[in-house]
Amino acid sequence: MATATREHLIVSMEPPTARVTLNRPEKRNALSLALMEELIAALAEIGDVPEIRAIVIEGAGPAFSAGHDLSEMVGRDATFYEQLFDVCTVMMETIHRVPQPVIAKVHGIATAAGCQLVAACDLAVAAEGTRFATPGVKIGLFCSTPMVPVSRAIGRKRALELLLTGEPIDAGTARDWGLINRVVAPEELEGAVAELVAKIARSSPLTVRIGKEAFYEQIDLDEHGAYAHTKGVMSANAQAADAQEGMCAFLEKRQPTWKGT
């Protein structure tokens, strides 16, 4: 296992998994500007490692993430705020742009931009007892950027309930609303994430990359536009060596051998 400790992150790679641990436990892993810049760089580096098939984001200490670091947001000028939210946006978009699926492994709390981070991840598994909230309305700073992925994940009425009341929901509600995929006992969290990684890793890395990219390209198009895009994706995908190998393996009732091409 290769492990690198940065100022605010711990990054470890043991194929097929890369783990990125938010490492500000004393601050409930608040997303400072420096941490977000580190996370963008780490995701970009991991994205270029073909042996890594999935990326897990988790938090050190008692929480996943409490959101932006309010202690660095008081009394700043417009330039700082613009930079902060620009970097936050790049971080969330980078999650969608890396070729590997990104899985949020969530415990404790995921609030404000921490909830946004969960919603932005491709998949999410949470421990029982985890709470999710967008509480900015309570302190005079509406969670406007968190609402972008949250509203896309759970729909308008549920998102507005979170955003307008600032009240938390439990992990079971988050699963039922579509914010996360699974809820497990705390002692089962690691195993549940490993199971997801294993299921992803058994497929062609090329096919997973094509599928993830196409998903985000089509999701906000109208139906006709989505079909226009995805039929071209499937036509190109069908010509790939891995697709030909997979179809032949199915017909021949054998396990495929992936080459990533």
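This one's a predicted model, so the numbers in the text were calculated from it and none came from an experiment.
- In this structure, the side chain of Glu72 does not engage the main chain of Ser32 through any donor-acceptor pair within 3.5 Å.
- Side-chain N or O atoms of Arg24 include one that pairs as donor or acceptor with a backbone N or O of Ala30 at under 3.5 Å.
- The closest side-chain heavy-atom distance from Asn237 to Thr207 is below 4.5 Å.
- Checked by atom type and distance alone, the side chain of Asn23 never pairs as donor or acceptor with a backbone atom of Ala60 at under 3.5 Å.
- Thr17 places no side-chain N or O within 3.5 Å of a backbone atom of Ala54 that could act as its donor or acceptor partner.
- In the hydrophobic clustering of ILVMFWY residues, with side-chain heavy atoms under 4.5 Å counting as a link, Val118 and Leu162 come out together.
- Residue-environment remark: CZ (Arg156) stays at or below the threshold of 12 foreign heavy atoms within 6.0 Å.
- Heavy atoms from other residues, nucleotides or ligands lying under 6.0 Å from CD of Glu187 number more than 12.
- Side chain of Tyr216 to main chain of Arg97: no donor-acceptor pair is present (N/O by atom type, distance under 3.5 Å, no hydrogens or angles).
- Between Val125 and Lys105, the closest side-chain pair of non-hydrogen atoms is not below 4.5 Å.
- With hydrogens and angles ignored, the 3.5 Å screen pairs a side-chain donor or acceptor of Asn29 with a backbone N or O of Phe64.
- In terms of modelled atom types and a separation under 3.5 Å, the side chain of Arg152 and the main chain of Val148 share a donor-acceptor contact.
- Hydrophobic clustering places Met36 together with Phe85 (ILVMFWY residues linked when any side-chain heavy atoms are closer than 4.5 Å, directly or through intermediates).
- Residues Asp86 and Gln83 have side chains not in contact (no heavy-atom distance under 4.5 Å, counting atoms from C-beta outward).
- More than 12 heavy-atom neighbours from other residues, nucleotides or ligands sit within 6.0 angstrom of CE on Met247.
- Within 6.0 Å of atom CD in Glu223, 12 or fewer heavy atoms from other residues, nucleotides or ligands are found, so the atom counts as exposed in its surroundings.
- Without hydrogens or angle criteria, Trp258 side chain to Arg202 main chain gives a donor-acceptor distance under 3.5 Å.
- Hydrophobic cluster membership differs between Ile219 and Val150, with clusters built from Ile, Leu, Val, Met, Phe, Trp and Tyr side chains linked at under 4.5 angstrom.
- Arg28 is listed as a side-chain neighbour of Pro62, based on a closest heavy-atom distance under 4.5 Å.
- At least one donor-acceptor pair under 3.5 Å links the side chain of His96 to the backbone N or O of Ala120.
- Applying side-chain contact (heavy atoms from CB on, under 4.5 Å) to Ile55 and the options Ile103, Val11, Val197, Val20 leaves one that passes, Val20.
- Under the 4.5 Å side-chain heavy-atom criterion for grouping Ile, Leu, Val, Met, Phe, Trp and Tyr, Ile40 is connected to Leu22 within one hydrophobic cluster.
- Both Leu9 and Ile57 belong to a common hydrophobic cluster when Ile, Leu, Val, Met, Phe, Trp and Tyr are linked at side-chain heavy-atom distances under 4.5 angstrom.
- A donor-acceptor pair under 3.5 Å links the side-chain atoms of Lys212 to the main chain of Gln100, judged by distance alone.
- There is a side-chain donor-acceptor pair under 3.5 Å between Thr173 and Asp170.
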